[in-house]
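One-based numbering, in listed order, for ligands and for the atoms of each. Note that the structure is a prediction, hence the values are computed from the model and not measured. Worth knowing before you read on, the calculation uses all heavy atoms, side chains too, and leaves out hydrogens, waters and symmetry mates.
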Amino acid sequence: MSLQNLISGKELSKIILTKIKDQVTKMVGEKPQLVIVQVGNNPASNKYIQHKLRACEYTGIIGTHLVFPETISQVDLEKQIITLNQEEQVHGIIVQLPLPKQIDEQRINEIISVTKDADGFNPATLGKVVLNTSTIFPATPAGIVKLLEWKNIELAGTNVVIIGRSNIVGKPLANMLINKSATVTVCNTKTKNLQEIAAKANILVSAAGSAKLITPKFVNENMTIIDVGANFVDGKYCGDVDFESVQPLVKYITPVPGGVGPMTIACLLENTLTSFKNQQIATKN
Ligand code: GUN
C-alpha cells in the first residue's frame with residue numbers, strides 16, 4: 001500500500017518545536033513557564049500530560065505539573081488558578097480536561113487569565129478568534145490549519161466539512177477557516193445525510209470521536225481528510241477514519257497516531273511562547 005498521501009503531524013510538529021527551542025535557547029534571563037493543572041488521575045490525561053511535559057523539556061520551556069485530588073472543590077480549584085494567574089513567572093496555564101463532575105469546566109476556563117490562556121479556551125480568547133484579532137488560537141484547530149498550509153492546500157473558496165461542533169475543535173476551527181475565506185459546513189453525528197454532505201467536501205475534518213465513522217462512501221478522490229479522532233478500540237489508538245479502506249481513495253490524509261495529536265502539543269507550546277512574549281511587551285510598556 002502506498003502511503004505517499006500522508007500528512008505527517010509528527011514531522012511538522014518537530015519543525016515547530018525546534019523553532020521554539022531555537023528561540024528559547026537564545027533567551028537570556030527569564031524562560032517561559034507552562035503550568036499544567038491536573039485533577040485526579042485519568043489514564044488518558046496522564047498520557048497526554050506526559051507528552052506535553054516531554055515537549056516542554058525538548059524546547060526548554062519550563063513545564064510544571066500540578067496534581068490536585070479528584071475530590072477538590074470548585075472553590076479550592078479556583079483559588080489555585082487565581083494564584084497561578086498572579087505569579088509573574090507563570091506564562092501559560094492549562095487545566096487538563098476532563099474534570100470531575102463537581103467542577104464547572106466553563107467557569108474554570110473563564111477564570112484562567114486571558115494573558116496566560118495557553119489552551120485558548122477562555123471565552124474572551126474565543127471571541128477574539130471569531131473576530132480574527134487573537135494572537136492565541138486553541139491548539140488543535142491551530143495545528144489543523146498549520147497542517148493544511150504546510151501542504152499548500154488552498155483554503156479560500158474551498159468547501160470544508162467539519163464533523164463535530166465542540167468548543168475545543170469544531171467551533172473555533174470553523175471560525176478560523178471562515179476567516180481564511182473557506183466555505184465551512186459544520187455537521188455533527190445527528191446531521192441528516194451526513195455521508196452525502198461529507199462526500200462533496202474538498203477538506204473533511206472529522207472530530208466526532210467515533211471510530212470507523214468515515215468509510216469510503218464519505219470521500220472523494222480530490223479530498224483532504226483531517227482525522228481528529230482519538231479513540232481506543234481493543235486497546236489500540238485509532239481515529240474516526242476507517243484508515244485501511246479510505247487512505248488509498250483520497251488526495252491527502254492525516255494518520256492516527258502521528259497526525260493531529262503531535263500538532264496540538266506543538267501549538268500549545270507555541271501559545272505559551274506567544275503569551276510569554278506578550279507579557280514581556282506588556283511589562284516593558
Ligand atoms: N483534553 C483533551 N484535549 C485537551 C486539550 O487540548 N487541552 C486540555 N486542557 N485538555 C484536553
Side-chain angles (χ1 to χ4, degrees), residues 9 13 16-17 33-56 61 63-68 70 72 77-78 80-81 84-85 90-101 103-114 116-123 125-126 129 134 136-147 162 164-173 176 205-210 226-232 237-240 254 256-257 259-275:
S13 64
I16 294 167
L17 289 175
Q33 179 177 193
L34 172 68
V35 175
I36 303 173
V37 174
Q38 181 177 15
V39 179
N41 187 29
N42 179 303
S45 293
N46 290 342
K47 194 102 202 137
Y48 292 137
I49 291 170
Q50 193 185 22
H51 287 300
K52 289 172 184 176
L53 290 170
R54 220 179 279 155
C56 284
I61 287 178
T64 305
H65 183 195
L66 298 181
V67 187
F68 298 109
E70 182 82 25
I72 194 170
L77 184 58
E78 286 186 16
Q80 296 290 346
I81 293 165
L84 293 170
N85 281 344
V90 173
H91 308 94
I93 303 165
I94 71 164
V95 177
Q96 189 68 32
L97 305 177
L99 289 166
K101 281 193 198 76
I103 303 294
D104 178 347
E105 181 184 309
Q106 203 45 43
R107 168 91 188 128
I108 296 299
N109 289 338
E110 281 170 24
I111 62 164
I112 293 175
S113 166
V114 193
K116 301 187 180 187
D117 183 21
D119 260 330
F121 295 167
N122 186 309
T125 308
L126 285 170
V129 168
S134 189
I136 299 293
F137 298 89
T140 301
I144 293 169
V145 172
K146 280 183 197 290
L147 284 170
I162 302 171
R165 47 158 174 70
S166 70
N167 294 341
I168 299 181
V169 183
K171 284 177 199 162
L173 178 63
M176 287 161 71
V205 180
S206 186
S210 175
I226 304 290
D227 189 350
V228 192
N231 310 299
F232 279 97
Y237 183 50
C238 65
D240 287 351
T254 58
V256 177
V260 173
M263 289 302 295
T264 297
I265 293 173
C267 292
L268 171 69
L269 296 211
E270 199 169 77
N271 278 342
T272 306
L273 181 60
T274 304
S275 291

- request: To the nearest 0.5 angstrom, please state how far the CG atom of Asn85 sits from the CD atom of Gln80.
  value: 11.5 Å
query: Can you find a pair of side-chain heavy atoms, one from Val205 and one from Val228, that are under 4.5 Å apart?
result: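 Yes, side chains in contact.
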Tabulation required: pairs of a nitrogen or oxygen in ligand 1 and a protein nitrogen or oxygen under 3.5 Å; columns are atom names and distance to 0.1 Å; otherwise 'none'.
residue: ligand 1; atom: 1 (N); partner: Gln96; partner atom: NE2; Å: 3.4
residue: ligand 1; atom: 1 (N); partner: Leu97; partner atom: O; Å: 3.1
residue: ligand 1; atom: 7 (N); partner: Asp119; partner atom: OD1; Å: 3.2
residue: ligand 1; atom: 7 (N); partner: Asp119; partner atom: OD2; Å: 3.3
residue: ligand 1; atom: 9 (N); partner: Val95; partner atom: O; Å: 2.9
residue: ligand 1; atom: 9 (N); partner: Asp119; partner atom: OD2; Å: 2.6
residue: ligand 1; atom: 10 (N); partner: Gln96; partner atom: NE2; Å: 3.4
residue: ligand 1; atom: 10 (N); partner: Leu97; partner atom: N; Å: 3.0

field: Identified side chain to side chain contact (heavy atoms under 4.5 Å, CB included) partner of Asp119 from the options Ile94, Val95, Thr264
entry: Ile94
query: What are the two closest heavy atoms between Leu53 and Thr64, and how far apart are they?
result: CD2-N, 4.3 Å
Salt-bridge criterion met for Glu70 and Lys101 (N-O under 4.0 Å):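 So Glu70 does not pair with Lys101 through a salt bridge.
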- prompt: Just by distance, with hydrogens left out, do Gln96 and Asn42 show a side-chain donor and acceptor under 3.5 Å apart?
  reply: no
